[in-house]
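Every chain is numbered from 1, with letters handed out A, B, ... down the list of sequences.
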2 protein chains.
Amino acid sequence: MSCSAGAAQPQIRLRVVHPPVRTVPAATVSRLPVYFRVLDRIAESRSTISSDLLAELAGTTAAIVRKDLSYLGSMGTRGAGYEVLGLRDRISAVLGANRAWPVAIVGMGNLGRALASYPGLAGPSFEVAALFDVDPAKVGRPVAGVIVRHLDELDEISRNVKLSIGVITTPAVAAEEVAGRLVEAGIHSILNFAPVRLGVSDGVLVRDVDLGLHLLVLSYNERSRLEG
Amino acid sequence: MSCSAGAAQPQIRLRVVHPPVRTVPAATVSRLPVYFRVLDRIAESRSTISSDLLAELAGTTAAIVRKDLSYLGSMGTRGAGYEVLGLRDRISAVLGANRAWPVAIVGMGNLGRALASYPGLAGPSFEVAALFDVDPAKVGRPVAGVIVRHLDELDEISRNVKLSIGVITTPAVAAEEVAGRLVEAGIHSILNFAPVRLGVSDGVLVRDVDLGLHLLVLSYNERSRLEG
DNA sequence: TAGTGTGAACGCTTTCACAGCG
DNA sequence: CGCTGTGAAAGCGTTCACACTA
C-alpha cells in the first residue's frame, strides 16, 4: 500500500462525554467527509457507484467502504452498487452538511485572514459569521467582507448570533484563554491551529491542526530515509 | 517502503549507547513530536520528568508515554523519571529535528503566504528554502524574505539547492500535477493542503491537512449534539 | 453475474498489572 | 518507596471470505 496518508491522522482528542445513541465509529466519521466530497464531485457524471470505485476515489479499500456505509443503514443495491445522489444526501444528513454552521474565527494574523477567505468555508455547509482579534489596528476593518470585532465583544455577539464552531488562529500563548471564552460563549466545536493542547471542559470537541507536528513527522520520514 | 519505516540507531555520540531501534509504530511516531515540544518547553524549569507528568502535558496517559519511550531504548531512571535534556535530544535525533530541513512551498495564495511566515517553519528544524507559483504577478516578489520563483524553475533550483519537504498550497486542480513535479525533483515528503487525494508513487509520504474534512467532523459533532 | 452486507480472523494500539531497579 | 519497563489482556479498526440478492 502507498504511504499516502489520509489514514495517518493527527492527534484527535474526542472529548464527547455523552456519546451518540447510535454510535458511528470515530474512524468512520473521519472518512464520511471524504466519501461526501467524492460523491458530490461525481454526482453529475454517474448515477451509481460501486464500493470498489468509491474506495479508489476516496483512497481506501472496498471492504472499509462497505463497512462504513453499513453503519448508515443499508443503502446499496446488490449487483449494482450505491445510488450516488441518495448516498451523498444520506451522508450529508449524518454529517450535518445540509445546513450552514456559523463559524467564528479568533486571531486575524496571516493564518486567520487566509482562513477567512478559504473556499472550504464559503461552501454551503459553513458561514463565516464573526471574526475576532484584540489588536486595535485590526478591529473595525473588514476581512473577506466581515468586520473584525474585538474579542471582548464575543459574549455580546454570541447572544445575538448563534455561533457553532470556533476556529483559533491566535499565537500559542493566547489560545488557552480564547478557548475558554469560546466555550463560555456556548461553542462546543473548536478547530485549533495553535501549537498547544487546549484544556477544555468535557463535552467540547477540539480538533488540532498542528503544522509543526506534521512537519516533524515528515522530518522523521526524511531522517529514516537517509539513515536507514 | 512502510509508513512506519524502521528507524535505526542514529550515529550521534551520546553518552549512553542505546540498543538499535528496529521499528517505531506509526502511532508512536505521531506522538514523539508532542513529547519533543513539551520537553523543549520545560527544559529550563525541570531537569527530570515522570511519565505521569509528561503524559499530562502531552495529553495522553502515563502507560502510553512509557510504551512509546521504550521503543527509543530505555532512557528513564526507575524511581526518578526521565532526564529532560537527554530525552529531548534523543527524540530530536530520532525525529531528525536536530538539523534544518529545506522546505519548498508551492502556491503563494493567502494560505501559502501565511505558511511562509509561519513561526513553526522558522524554528531550528526547518528552513523555507524556496517558494513557487505560476502567477507572473507573484513570481519575482519576495514573501517572508524569499523571492517567489516560477514553478518551471523547480527542477533547476532543486539541482542547486537540496529540497527535502514540499508543501502544496495550490488550488485543488493543480495539486496533483504539482505533487508529481515535486516527486520528480527528488522530494519524498509532502504536506498537502489541497482538498484532493494525491496519487504519488510508493516511498513518498504525504500528510494531508484538509480543513474541509476537519470542519465536517465538527459539523457532525454539532449535528449529533442537536439531534442526539 | 456483479457487487452488497456481514460475521470472523487478524493486527495494531491501548490499557492493565506488576516485576524490577534505583 | 517511587517510578520505569514490559509481558499479557483488552479494545478497535481493518481485512478476509462468502452467503446472498437484485
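For the pair A:Asp208 and A:Arg197, the minimum side-chain heavy-atom distance is below 4.5 Å. By the 4.5 Å heavy-atom criterion applied to side chains, B:Ser219 and A:Phe126 are counted as neighbours.
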Would you tabulate the nitrogen or oxygen pairs shorter than 3.5 Å linking the protein to nucleotides 11-15 of chain C?
from   : atom 1 : to      : atom 2 : distance (Å)
C:dT14 : OP1    : B:Arg31 : NH1    : 2.7
C:dT14 : OP2    : B:Arg31 : NH1    : 3.1
C:dT14 : OP2    : B:Arg31 : NH2    : 2.8

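Residue A:Tyr82 places no side-chain N or O under 4.0 Å from the OP1 or OP2 atom of D:dA22.
When the P atom of D:dC20 is taken as reference, atom CZ of A:Arg66 falls 16 Å away, rounded to whole Å. Rounding to whole angstrom units, CG of residue A:Leu72 and C1' of C:dT4 are separated by 14 Å. Computed from coordinates, the A:Leu69 CG to C:dT6 C1' distance equals 14 Å when rounded to whole Å.
Applying the side-chain hydrogen bond (donor to acceptor under 3.5 Å, both in side chains) rule to pairs touching residues 53-66 of chain B yields B:Ser51-B:Arg66, sequence neighbours excluded.
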Identify each donor-acceptor pair in which a side-chain atom of residues 76-88 of chain A lies under 3.5 Å from a protein atom, sequence neighbours left out, and give them as a table.
from    : atom 1 : to      : atom 2 : distance (Å)
A:Glu83 : OE1    : A:Gly86 : N      : 3.3
A:Arg88 : NH1    : A:Asp40 : OD1    : 3.0

Could you go through residues 169-180 of chain A and list every donor-acceptor pair under 3.5 Å that involves a side-chain atom there, pairing it with any protein atom two or more places apart or in another chain?
from     : atom 1 : to       : atom 2 : distance (Å)
A:Thr169 : OG1    : A:Val106 : O      : 3.0
A:Thr169 : OG1    : A:Gly107 : O      : 2.6
A:Glu176 : OE2    : A:Gly199 : N      : 3.1
A:Glu177 : OE2    : A:Arg181 : NE     : 3.1
A:Glu177 : OE2    : A:Arg181 : NH2    : 3.0

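Across all their heavy atoms, A:Leu213 and B:Val34 have their closest contact at CD1-CG2, 3.7 Å. In terms of heavy-atom proximity, A:Ile187 sits nearest to A:Ser164 at CG2-O, 3.7 Å.
When each of A:Asp210, A:Val167, A:Ile168 is tested with A:Phe193 by the rule side-chain contact (heavy atoms from CB on, under 4.5 Å), just one qualifies, namely A:Val167.
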Please walk me through it: do B:Leu69 and B:Ile91 pass side-chain contact (heavy atoms from CB on, under 4.5 Å)? CA-CA 9 Å; B:Leu69 298 186; B:Ile91 294 178; 4.2 Å; yes

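A heavy atom closer than 4.0 Å to some atom of DNA chain D occurs in A:Thr77, A:Arg78, these being the qualifying members of residues 73-80 of chain A. Scanning residues 48-57 of chain A for heavy-atom distances under 4.0 Å to DNA chain C yields A:Ser50, A:Ser51.
Looking at A:Glu227 and B:Arg99, a side-chain N of the basic residue comes within less than 4.0 Å of a carboxylate O on the acidic one, giving a salt bridge.
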